[in-house]
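Shown next, in structure tokens, is the structure this report addresses.
Reckoned from all heavy atoms, side chains included, excluding hydrogens, waters and symmetry mates.
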Amino acid sequence: MKNQLLVCLVLLGTTLLSAQPDSTIYDLDAIVIRENRLEIPFRETSRSIQVITASQIAQMPVRSVNELLQHVAGVDVRQRGAHGIQADVSIRGGTFEQTLVLINGIRLTDPQTGHHNMNLPLDLENIARIEVLKGPGARIYGQNAFAGAINIVTKKATENSLSLSARAGENGLGGGSLALSLQPNEESNHYLSVARDFSNGYRYNTDYDISSYFYQYQREMGQHQLSLTAGHSDRAFGANGFYASPDFKDQYEEVATTFVALQDEYRRNRWRITPRVFWRKNKDHYIFVRDNPSLYQNIHTGHTLGAELQSHYASRFGDTGLGVEAGYVSLNSTNLGERRRRTASLFLEHRFRWKDKLDVTPGISMSSFSDFGTRFFPGIDVGVNVSEQVKLFANAGYTYRVPTFTDLYYSDPANNGNPDLQPEEALSYEIGSRFLNHNGGLHLQLALFQRNGFDLIDWTRAADTLRWTPVNINELVTQGAEVSLSVLLPLLLSTETPLERLTLSYTRIHAQLEDNEAPLSRYVLENLDHQLIAGFSYRWGQRWLHSIHYRYTSRVSYPTTTWRIADSSWQQNRWSLFIEATNLTNTRYTETNLVTMPGRWMRIGGQFRMVLSGG
């Protein structure tokens, strides 16, 4: 009875946001997708791309990027533990190694393992929007954009302001953040944030402590725009059953990630030229028995260095993009040894347009690896504008991923790497249609997709008594359909209304392995087959906004799960408050490796924001 009463209270009255929605943030027409070289308004894109704006993030009952992505159609987030401490993200039936994560177009791949791709050195407060590209991205971003890419675009300071937030909840949960925006003059701006989150854990050895630091500086110098972006995150957590058998409850891990990028964007006449350099370091310290590190532990330290020169030229024949990249990755590991890899890539693409009715974008990338040779990956996008509101699109492309050093060399009593692995390759197709009304209040998209994968890498074993070993799987055909609907009532009706936002999406995926006698699979054959996501938010008076979200997932190798979240927030002038409950029905479920996920969990918090003098 008490549990039912709690649910009712949360649903009826119980994400921080402004009291009056800012329609300019909702307007998808104002968003330009930056694919390193080409700049394409969202309405004109000929691919499946979902954009999550800062205002949408503020209305979601989430406190990390991992939690946020659970509400995106076709995206599969498989968490170990709570609130994004460790998670694998995949798109449209791919594996977590086949999804590329970027910050402002810069790749954040980890040479050790894709398990670290979501160790992001930033807080939700830093994000202006997230662009989720579904389908092959090798032609655009290079390797690892096998099944899709997630590009996180950070905020730019536009005023002098200070924001402070705090949160608390069950299981010893606590945290807070500080964000400072400074614009000393029209030519330069600074953005700085510091955040920390911690909890005692929802069961034995699931405590966590996460800190993140983020800084961004931008300066206009005539035709140049210089930018410096830097971030650092520290996360320490009890890893009860995370990586080995669920019987091993005393695992522990500490991960420190640092990221720095320097960029200059130069515009003159028809040219835009963008050179940039970046460095990423990730240190992973894994302990098998938390109180006895000497029994078994691994320490991995990886470095990624990269330099790029991207260019765009606009002419009467269309838009041309040309880019060249060079990279160097290294890993020093107590388990994997000392490993090195050099990379070089060349990109060329051109976008043709005819009378605003037809657009065709062919392109090709060439990538060379010191340990796997050179490969070419062509692709093409085609779009037809049926009307100002309706667009049909299709695309096809080759894509690839080289093995990580963990795939190649990792060894412990339960796992054994394979140095003879070959890169993964695939040919992907997609056809779809998009309806976006004139003011962005109604967005409907449908897509059918297929990916023919070759030499896919999966950790397999023939029996429970043997070690997991990665092998190349000959052919895996992944087919699916996806439909998503987003309705913003204030924009659609051009008036204020209590019901503010409705979202609904459904994804169906079917993966067929050509070898019907395949051994036990750890990753490739554990994809979603059904995913249903729904949510709505409504206002009560001028100060309260409530949201309820529902998620249903059916996985090939795991039980069906349903998840309900309720969230409520209140704001007046500089102050805002929220109360939130996740997993309202207290459902017992797992997402990966039989790690039991949290039951019902209550969180409350608040934020104070003020504009500083001189802004």
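- The structure places CZ of Phe347 at 11.0 Å from CZ of Arg139, a figure rounded to the nearest 0.5 Å.
- With a 6.0 Å cutoff to the six-membered ring centre and a 45° limit on the axis angle, Arg351 does not count as a cation-pi contact of Phe317.
- No hydrogens or angles considered: a donor-acceptor pair under 3.5 Å links the side chains of Asp359 and Ser46.
- Remark: the Glu325 side chain and the Gln310 side chain contain an N/O donor-acceptor pair separated by less than 3.5 Å.
- Side chains of Asn126 and Thr154: no donor on one and acceptor on the other come within 3.5 Å.
- Side chain to side chain, Ser64 and His83 fail the donor-acceptor criterion of an N or O pair below 3.5 Å.
- Thr99 and Ser90 form no side-chain donor-acceptor contact under 3.5 Å, judged by distance and modelled atom types alone.
- Rounding to the nearest 0.5 Å places OH of Tyr552 at 8.0 Å from OH of Tyr506.
- In this model, a donor atom of one side chain and an acceptor atom of the other lie less than 3.5 Å apart for Asn151 and Glu131.
- In this structure the side chain of Gln50 never reaches within 4.5 angstrom of the side chain of Ser486, judged on heavy atoms.
- Residues Pro362 and Phe352 form a side-chain contact, since some pair of their non-hydrogen atoms from C-beta on lies under 4.5 Å apart.
- Interatomic distance, NZ of Lys134 versus CZ of Phe449, reported as 9.0 Å (0.5 Å rounding).
- Put simply, the side chain of Ile33 does not reach to within 4.5 Å of the side chain of Glu44, judged on heavy atoms.
- Counting heavy atoms from C-beta on, the side chains of Glu430 and Ser48 come closer than 4.5 Å.
- At a threshold of 4.5 Å between non-hydrogen side-chain atoms, the residues Leu100 and Thr109 count as touching.
- With hydrogens and angles disregarded, a donor-acceptor distance shorter than 3.5 Å links the side chain of Gln531 to the backbone of Gly74.
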